[in-house]
Amino acid sequence: MEHKLSIYNTLSRKKEEFVPLHANKVGMYVCGPTVYGDGHLGHARPAITFDILFRYLTHIGYKVRYVRNITDVGHLENDADSGEDKVAKKARLDEVEPMEVVQYYVNRYHKAMEMLNILPPSIEPHASGHIMEQIDFVQKILDAGFAYVSEGSVYFDVEKYNLKHNYGKLSGRNVEDMLETTRELDGQSEKRRSVDFALWKKASPEHIMRWKAPWSLGFPGWHLECSAMGTKYLGEQFDIHGGGMDLMFPHHECEIAQSTAALGKETVKYWMHNNMITINGQKMGKSLGNFITLEEFFTGNHPLLTQAFSPMTVRFFILQAHYRSTVDFSSAALEASEKGLSRLMEGYARLQKLAASATSSVETAGLRDKCEEAMSDDLNTPIVISYLFDALKAINLVHDGKETISSADLGELKAVFSLFIEDLLGLKAENEAGSGNEAYKKAIDLLLNMRLEAKQNKDWATSDKIRNELTALGFEIKDTKDGFEWKI
RNA sequence: GGUUCGUUGGCCGAGUGGCUAGGCACCGGUCUGCAAAACCGAUUACGGCGGUUCGAAUCCGCCACGAACCUCCA
């Protein structure tokens, strides 16, 4: 059964049925990372959220072009005084080439994304590789009369734009209020109004990353790259633009203004924003210095972490909350997710070995439909997961011989689990130490077979000794009807 | 101050008018030589006060508390 996909559009502040601009094709743009530091849990959230959307859109039959940018220029570090961008600053400190810093962190970002089983986007454009497109974009805005040049820099004229269009429609602001509240801060600026924002910025002498433009030797403004690259790869109008909620204002608001000013029309149909990850109720973020990098999660090397958490645990943890809710981080919450995930994945492995009977005593019909329905309802992954846990119960009961399943139902259940767990939620089994080492596995089997013999002779002392010592080494031993199972 | 959003059981976290998601923890039971795992069962909820309604965690109003954005941020 087909369910219509509905997604929450920040522009209208409600769920809307998703209707693509072009039949069967979807264009989707997501704000990617600024590569001047290691990725943290906050970066994982949009990456995972829009990975789910990418996978789901593909699953329901769309051909999706997914663009996720790399920000490696612009984004001023401090207020107007320095005019130096983040990447340049870091590079000077480290005494390396700016692009070397970019490459280093891009590599690390890709590595982390791969570990989290996030599919690569269709196109991953760098802002630094699209300076010409950005200069053209600035020129279009100037030509349209919505920008002005001031001492080598170009600024967007928000007040003028707002006379014809609605600046603030995305974030619910109005320009008059903003001028009221910020007027006092507006000193001897090159800007006419405090609300105006830079499209092109003249580089200060010490600024390393600079490009030649009609107005000055400089660099593009903070928000321009997304407008320029989005339209370049997805067209003047495309379906979905995503990113974190913190980007709603000013970043996305400015994007709307830029694109509307340059092209004379709305570019994006659906704006989607994932919520923040909090830590003790407060946002986890770079500027707050309370973030935990992904690498620290994977190694457990952070004061707030009681242990290491695998990439799949992190992914599962994030998927257990709806993307529009904040999710509060704690080591205890991660531990709970780890156990839940492990139970789910064991059940999934168990499902593959289940024996079919003539008839089913468990009810598994409708699972696919319910899961599809939850996914199509604004990507409600927590509900999908809850249904999978319901089905897990049936799997375990059949495994224990307390219930039966027909081969048709078994086949369907396998297909549904495979589809949702692997293809859509993107969860995969994580084989830890020892995978692939046959000799090692056989040695453990040998020990456990000796224990089995001891058990048959009712030599509990020997049998418990083997089990206890293996347990102490980190193995988990389970006795089964006709033998044993183990894992580490 | 402005804008937006939130407050659910021991913890995490779904749910938008009636049918009390799910996970983790805890307790009791089944199974087991004992465990582990699995299964069965029990318990604990909707910030406060009013209103609408036959009926509200869910709609409306007020209050309290918290968060995000208004400056780079996922």
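For the C1' atoms, the distance from B/rU44 to B/rG28 is 16 Å, rounded to whole Å. The separation of B/rA21 from B/rU8, taken at their C1' atoms, amounts to 12 Å, rounded to a whole angstrom. Comparing B/rA36 with B/rC24, their P atoms sit 16 Å apart, to the nearest whole Å. Nucleotides B/rU7 and B/rA14 place their P atoms 9 Å apart, quoted to the nearest Å. Separating the P atom of B/rG29 from that of B/rA64 is a span of 50 Å, rounded to the nearest Å. A distance of about 10 Å separates the C1' atoms of B/rA57 and B/rG17, rounded to the whole Å. Taking the C1' atom of each, B/rC11 and B/rC26 are spaced 11 Å apart, rounded to whole Å. Only the P atoms considered, B/rC27 is 41 Å distant from B/rC69, to the nearest whole Å.
Once the 5.5 Å centre distance and the 30° plane angle are applied, the aromatic ring of A/Y387 is found not to be stacked with the base of B/rG22.
A/H251 and A/E255 share a donor-acceptor pair across their side chains, judged by distance under 3.5 Å alone. Between the side chains of A/E338 and A/S310, no donor N or O sits under 3.5 Å from an acceptor N or O. Side-chain N/O atoms of A/Y348 and A/K414 include no donor and acceptor closer than 3.5 Å. A donor-acceptor pair shorter than 3.5 Å can be found between the side chains of A/H273 and A/T10.
With salt bridges taken as basic N to acidic carboxylate O contacts below 4.0 Å, one links A/E295 and A/R108. Ion pairing between a basic and an acidic side chain is recognised when a charged N comes within 4.0 Å of a carboxylate O; A/E346 and A/K478 show such pairing. Between A/K465 and A/E469, at least one side-chain nitrogen of the basic residue sits less than 4.0 Å from a carboxylate oxygen of the acidic one, meeting the salt-bridge criterion.
A/N396 has its CG atom 6 Å from the C1' atom of B/rA38, to the nearest Å. Taking atom CD of A/E335 as the reference point, atom P of B/rC12 lies 14 Å away to the nearest angstrom. Whole-Å rounding puts the A/L448 CG to B/rA35 P distance at 19 Å. Rounding to whole angstrom units, CZ of residue A/F197 and P of B/rC70 are separated by 15 Å. B/rU4 atom P lies 9 Å from atom CE of A/M248, rounded to whole Å. Taking atom CD of residue A/E373 and atom P of nucleotide B/rG15, one finds them 13 Å apart after rounding to whole Å. Regarding A/F316, its CZ atom lies at a distance of 10 Å from the P atom of B/rG23, rounded to whole Å. In this entry the distance linking CG of A/N274 with P of B/rC69 reads 13 Å, nearest Å.
Distances from the side chain of A/K402 to the nucleotides B/rG33, B/rA38, B/rC40 place B/rA38 closest. The nucleotide whose nearest atom lies closest to any side-chain atom of A/S463 is, among B/rA21, B/rG33, B/rC34, B/rG33. For A/K478, whose side chain is taken as the heavy atoms from C-beta onward, the closest listed nucleotide among B/rC39, B/rG33, B/rA37 is B/rA37. Between B/rC24, B/rA35, B/rA68, one nucleotide has an atom nearer to the side chain of A/K283 than all others, and that is B/rA68. Comparing B/rA21, B/rU4, B/rC69 by their closest approach to the side chain of A/D246 singles out B/rC69. Distances from the side chain of A/R343 to the nucleotides B/rG23, B/rA14, B/rC5 place B/rG23 closest. Ranking B/rC34, B/rG23, B/rG15 by closeness to the A/F389 side chain, first place goes to B/rG23. Minimum atom distance to the side chain of A/D390 is reached by B/rG22, of the listed B/rG23, B/rG33, B/rG22. In the set B/rC12, B/rC70, B/rC34, the nucleotide with an atom closest to the side chain of A/D464 is B/rC34. The A/R350 side chain lies nearest to B/rA38 when the options are B/rA38, B/rG22, B/rC69.
The shortest heavy-atom contact between A/R451 and A/I477 is NH1-CG2, 4.0 Å. When all heavy atoms are compared, the tightest approach of A/L379 to A/T49 is CD1-O, 4.3 Å.
Counting any heavy atom pair closer than 4.0 Å across all strands shown, A/I477 reaches a base atom. Counting non-hydrogen atoms under 4.0 angstrom, A/I277 reaches a base of the nucleic acid. Nucleic acid contact for A/N468: none, since no nucleic acid atom lies under 4.0 Å from a heavy atom of the residue. At a threshold of 4.0 angstrom between heavy atoms, the contacts of A/G340 are confined to the sugar-phosphate backbone, with no base atom among them. Residue-level contact check: A/H273 touches neither bases nor backbone, having no heavy atom under 4.0 Å from any strand.
Judged by the 6.0 Å distance and 45° axis criteria, A/R68 is not positioned over the aromatic ring of A/F50.
Checking the phosphate oxygens (OP1, OP2) of B/rA21, no side-chain nitrogen or oxygen of A/K370 falls inside 4.0 Å. Regarding contacts with the backbone of B/rA14, every side-chain N or O of A/N380 stays at 4.0 angstrom or more from both OP1 and OP2.
Residue whose closest nucleotide on RNA chain B sits further toward the 5' end, between A/A336 and A/D400: A/A336.
A/F329 and A/F297 have their aromatic ring centers within a separation under 6.0 angstrom. With ring centers used as reference points, A/H302 lies 6.0 Å or more from A/F309.
Ring orientation note: the planes of A/Y29 and A/F238 are tilted relative to one another, at an angle of 30° to 60°.
Scanning RNA chain B for stems, defined as runs of 3 or more consecutive Watson-Crick or G-U wobble pairs whose donor-acceptor distances all fall under 3.5 Å, gives the following ranges: B:1-7 with B:64-70, B:10-12 with B:22-24, B:27-30 with B:38-41, B:47-51 with B:59-63.
For B/rA36, its base never sits under 3.5 Å from the side chain of A/R467 at any donor and acceptor pair.
Within a heavy-atom distance below 4.0 Å of RNA chain B, the residues of residues 318-332 of chain A found are A/Q320, A/A321, A/H322, A/S325, A/T326, A/V327, A/D328.
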